[in-house]
Amino acid sequence: MAKKALNEMSFLDHLEELRWLLVRSSAAIVIMGIVSYFFADYIFSDLIFGPTDPSFITYRFFCEASHYLGFADSICITELNFIIQNTQMEGQVNIFVWVCITAGFILAFPYILWELWKFISPALYEKEKKNAKLFIFVASILFFLGVLFGYFVIVPMSVNFLATFSISSVVKNQFSIDSYVSMVKTAVIACGLYFELPIIIYFLTKLGLVGPNFLRKYRKYAVVIILIIAAIVTPPDVVSQITVAVPMMIIYEGCIWISAVVEKNKKKDEQTS
């Protein structure tokens with residue numbers, strides 16, 4: 001049976017479409033999670049626990065950058081004095097499953113975007129529907145850039161800060177594996193979703209829920225929040241904090257520009273219609 005038009009669909013029809021969107025997206029995550037299972041050794045040894053090694057690429061980059069800029073060697077990391085331990089009988093099994101699911105979500109994200117586009121496309125104009133491939137490509141690139149930013153910047157800076165922070169020499173850092181992996185997953189997924197902010201702002205502006213003036217009005221609050229986040233997840237040095245804060249501010253400024261362009265085009269369409 002042909003798919004109903006948007007104006008013919010009832011509330012229950014929309015719920016049914018949403019249900020199948022969630023079912024297909026969940027199936028894609030599970031399938032990609034199973035694929036991730038076959039690369040589990042690489043995922044855990046090289047990716048998950050990579051930032052615990054002082055020779056990790058990010059630490060080497062900051063050390064070389066500090067030498068180039070004439071800073072002291074305090075930015076160079078020679079050791080990370082902590083251990084990761086499992087304290088629960090089923091701890092490693094649970095971590096294994098959830099890491100595979102997280103990897104499945106990351107790998108299946110373009111397909112999830114495609115499902116989301118099919119769900120919202122009936123509410124769009126014909127010329128907007130033609131941009132499906134561009135939307136999925138741009139949104140996927142932004143998400144993967146965010147994942148890379150979270151992994152190569154946020155995670156190692158957080159590990160370095162939390163591993164070296166101490167309230168007393170009496171206390172030794174022994175992190176549980178679920179705490180460490182949870183930090184890695186949160187940083188990676190959160191950054192990936194934050195990099196989707198331009199896409200979200202695009203659609204919110206199309207719906208008239210936000211505008212460039214609104215974003216400019218709250219820019220100072222956004223700057224404060226970004227600087228606080230940068231200060232929390234990085235060591236107390238300027239280079240690390242700037243490295244985290246600048247990309248986040250660029251994205252926010254990009255959102256203002258996108259919102260302004262969308263609003264300008266909306267006004268042109270209203271004048272010509």
Side-chain angles (χ1 to χ4, degrees), residues 36 39-86 95-96 98-100 102-103 105-107 109 141-167 171-196 225-251:
S36 302
F39 301 92
D41 288 341
Y42 172 76
I43 291 174
F44 279 96
S45 299
D46 295 339
L47 296 181
I48 298 295
F49 296 115
T52 64
D53 187 347
S55 63
F56 188 65
I57 185 173
T58 302
Y59 303 136
R60 289 188 280 113
F61 170 80
F62 277 104
C63 183
E64 293 173 3
S66 66
H67 290 157
Y68 179 78
L69 296 174
F71 289 101
D73 289 342
S74 57
I75 299 180
C76 295
I77 298 171
T78 57
E79 65 174 345
L80 293 169
N81 191 21
F82 68 95
I83 64 171
I84 299 175
Q85 58 183 347
N86 178 44
I95 291 297
F96 183 88
W98 280 109
V99 166
C100 286
T102 303
F105 172 77
I106 293 173
L107 295 175
F109 193 76
I141 291 298
L142 287 174
F143 178 76
F144 290 131
L145 285 176
V147 168
L148 293 175
F149 179 76
Y151 178 73
F152 285 106
V153 179
I154 301 297
V155 170
M157 293 297 97
S158 299
V159 169
N160 177 39
F161 174 73
L162 296 174
T164 56
F165 182 84
S166 176
I167 57 175
V171 183
K172 305 299 181 184
N173 284 328
Q174 298 181 356
F175 306 132
S176 64
I177 186 173
D178 57 335
S179 174
Y180 173 79
V181 173
S182 177
M183 184 272 295
V184 174
K185 290 191 301 180
T186 301
V188 168
I189 298 299
C191 287
L193 296 178
Y194 178 78
F195 273 56
E196 292 295 295
I225 293 173
I226 289 173
L227 290 177
I228 291 175
I229 294 174
I232 291 174
V233 302
T234 62
D237 64 81
V238 177
V239 176
S240 300
Q241 293 174 3
I242 290 177
T243 303
V244 172
V246 168
M248 298 177 73
M249 276 306 307
I250 291 176
I251 289 176

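Listed by first then second residue, pairs satisfying side-chain hydrogen bond (donor to acceptor under 3.5 Å, both in side chains) with a partner in residues 183-194 number zero, not counting sequence neighbours.
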Step by step, would you call V188 with I106 a side chain to side chain contact (heavy atoms under 4.5 Å, CB included)? CA-CA 9 Å; V188 168; I106 293 173; 4.0 Å; yes

Anything under 3.5 Å between a donor and an acceptor, one on a side chain of residues 172-183, the other on a protein residue two or more places apart or in another chain? List them.
from, atom 1, to, atom 2, distance (Å)
K172, NZ, S169, O, 3.4
N173, ND2, A163, O, 2.9
S176, OG, D178, OD1, 2.5
S176, OG, S179, N, 3.3
Y180, OH, I48, O, 2.6

Identify each donor-acceptor pair in which a side-chain atom of residues 39-46 lies under 3.5 Å from a protein atom, sequence neighbours left out, and give them as a table.
from, atom 1, to, atom 2, distance (Å)
S45, OG, D41, O, 3.1

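By the 4.5 Å heavy-atom criterion applied to side chains, P51 and F152 are not counted as neighbours.
Rounded to the nearest 0.5 angstrom, L142 CG and L193 CG are separated by 11.5 Å. Here the straight-line distance linking atom CD1 of I84 with atom CZ of F49 works out to 5.0 Å at 0.5 Å rounding. For the atom pair CZ (F143) and CD1 (I189), the distance works out to 4.5 Å, reported to the nearest 0.5 Å. For the atom pair OH of Y151 and OG1 of T58, the computed distance is 8.0 Å after rounding to the nearest 0.5 Å. The CD1 atom of I154 sits 6.5 Å away from the CE atom of M248 when rounded to the nearest 0.5 Å.
Annotation for G150 and P156: closest pair O-CD, 4.5 Å, computed over non-hydrogen atoms. Heavy-atom minimum distance, A187 versus V155: CB-CG2, 3.7 Å.
For I250, the side chain to side chain contact (heavy atoms under 4.5 Å, CB included) partners two or more places apart in sequence, or in a different chain, are V246. Every residue two or more places apart in sequence or in another chain was checked for a side chain to side chain contact (heavy atoms under 4.5 Å, CB included) with L162, and none qualifies. Residues satisfying the ring-ring contact (aromatic ring centres under 6.0 Å, His included) criterion with F195, sequence neighbours excluded, are F149.
The number of heavy-atom neighbours closer than 6.0 Å to CD1 of I141, taken from other residues, nucleotides and ligands shown, is above 12.
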